[in-house]
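Since the structure comes first, as structure tokens, the remarks are kept for the end.
Note that the structure is predicted; figures quoted are calculated from it, not measured.
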There are 2 protein chains.
Amino acid sequence: MQTKQPDLTRDKILQSAFCEIHRQGFQAASIANILQDTGLTKGALYHHFQTKQALGLAVIEEVIKERLEGLIFRPLRESERPVEMLLEIIATIDKKVPSDFVMLGCPLNNLMQEMSALDELFQERLGGVLGVWQKTVEGALKRGQKQGEIRAEVDYKAAALFVVSAWEGCIGVAKNMQSPKAFGTCMKQLHGYVRGLMPAKAEKGRRKGG
Amino acid sequence: MQTKQPDLTRDKILQSAFCEIHRQGFQAASIANILQDTGLTKGALYHHFQTKQALGLAVIEEVIKERLEGLIFRPLRESERPVEMLLEIIATIDKKVPSDFVMLGCPLNNLMQEMSALDELFQERLGGVLGVWQKTVEGALKRGQKQGEIRAEVDYKAAALFVVSAWEGCIGVAKNMQSPKAFGTCMKQLHGYVRGLMPAKAEKGRRKGG
DNA sequence: GCAATTACATACCGACTGGTATGCATGTGT
DNA sequence: ACACATGCATACCAGTCGGTATGTAATTGC
């Protein structure tokens, strides 16, 4: 066992920074808090990350993006019945995610609201993740259209944009109401919207209530 | 003409604070900037507002809420054809609002995302405004239901919650993409969702494309 | 017209911020 | 085994933050 494990140290910083940023926002996130939490010092932190900004960008890329990847992107991409998978994820996301993720909001959305208008690099990175999300939903709808599960006249690009927007909106409003229940209610409506993209036949076949 | 006009001074501070908060967020909003912008001094500001928090709360109540009132709440409440008015507002809001309101985001939503989890008073005030919004849409849908413009089985409370959530979500995503066009596309989908709440007959009667 | 209050301006403060310069110990390549 | 780079700790810094104490001019009440 080594006394110095740079990769572990770096990861500890990233995780702690993620939590601090999730709770306080990026600008209000205190380097000092992260150091206290990890038991490290400024030397360690600024050895691994040149600036606070670089740390924030790394959190986006290596923590937030990866979480979304596992929770949403990958299942959606790999499923052979993408529309059903999308509906499934929308219907169950409120149970799959710890309740403080509703109380504190979506880490991605929080950062977008806070930083997009202030910092170009943040805007690019966040936009990148958002773009992947959108493209993933878009792909699911497109494939669904080929399978006849989405009506032919549906503009799947616009629909995907709306799904992601409404999704984030639901978390945001639920966060302000501090109500996981409202989140569930809201996402159920989004579920209804997506079902509304399906042909009448396929739509009727699905269960109605949540 | 008087040399001291406390009401005007107070208003100048509120307006400037609104802009500063809209641009930077509340925590990053700098008292010094507001003073520089208004040409006043700390003495003046802290005479009218006990703390920065009090200033923020006043901005919510006296600026943000009033703007939404004039732009959305009042028209919706006073219309005799509330569903049409709701659709009208959703369809044209992207033109009625200056483009920097898309680039900088909805002031209400920005503050909700930033402050709701951090400060109880903010959460209450913001939640109050959001509640009015929600109740107003709710009332519009309810009245629409009586008029037969909304299908009887629609859960108008859940639908109203979703409309507001998706609305904010659309602005948020458009802000991150720095794209007023995306805002329009996204709101058109919300328009479609609301139309989907109408009976097939009434829905068909409306124009399809934007 | 005098007293009291209101409406500001000036100067200052402690706390905290992100960031850096320096130093030292551990690990690594040869 | 020695040179060198990496990994991390300590101490310090300039700048900014919100907030306050004090002073003074303008306005108001009587």
Parallel, tilted or perpendicular: rings of Tyr193(B) and Tyr193(A) (30°, 60°):
tilted
What pair of heavy atoms forms the shortest contact from Arg151(B) to Glu153(B), and how long is it?
NE-OE2, 2.9 Å
Using a heavy-atom cut-off of 4.0 Å across all strands, would you classify Leu45(B) as base, sugar-phosphate, or nothing?
nothing
List in numerical order all residues of residues 47-58 of chain B for which some heavy atom is under 4.0 Å away from an atom belonging to DNA chain D.
Thr51(B), Lys52(B)
Could you give the OH-to-C1' distance, from Tyr46(A) to dT20(C), as a whole number of Å?
9 Å
Using the test ring-ring contact (aromatic ring centres under 6.0 Å, His included), find all partners of Phe183(B) that sit at least two apart in sequence or belong to another chain.
none
From the set dA9(D), dG18(D), dC8(C), return the single nucleotide nearest to any side-chain atom of Ile31(B).
dG18(D)
Do you know the tightest heavy-atom contact between Asn110(B) and Leu104(B)?
ND2-O, 2.7 Å
Walk me through it: do Glu124(B) and Leu121(B) pass the test side chain to side chain contact (heavy atoms under 4.5 Å, CB included)?
CA-CA 5 Å; Glu124(B) 280 176 27; Leu121(B) 279 178; 4.2 Å; yes
Looking at Lys175(A) and Gln113(B), would you say the former's side chain and the latter's main chain have a donor-acceptor pair under 3.5 Å?
yes
Using a heavy-atom cut-off of under 4.0 Å over every strand shown, decide if Ala29(A) touches base, sugar-phosphate, or nothing.
sugar-phosphate
How about Phe122(B) and Phe26(B): are their ring centres within less than 6.0 Å of each other?
yes
Tell me which nucleotide among dA9(C), dG18(D), dG19(C) gets nearest to the side chain of Lys42(A).
dG19(C)
Take Glu149(A) and Arg143(A) through the side chain to side chain contact (heavy atoms under 4.5 Å, CB included) test and state the conclusion after the steps.
CA-CA 9 Å; Glu149(A) 297 202 18; Arg143(A) 284 193 290 150; over 6 Å; no
What integer distance in Å separates Gln5(A):CD from dG7(D):C1'?
12 Å
Please state how far atom CG in Leu35(B) lies from atom P in dC8(C), giving the value in whole angstrom units.
13 Å
Distance, rounded to the nearest Å, where Gln27(B) contributes CD and dT16(D) contributes P
19 Å
To the nearest 0.5 Å, atom CE of Met115(B) lies from atom CE of Met112(B) at 13.5 Å
Got a sec? Which of residues 7-21 of chain A come in under 4.0 Å of DNA chain D, heavy atoms?
Thr9(A)
Nearest to side-chain heavy atoms of Ala32(B), which nucleotide of dC8(C), dC17(D), dG18(C):
dC17(D)
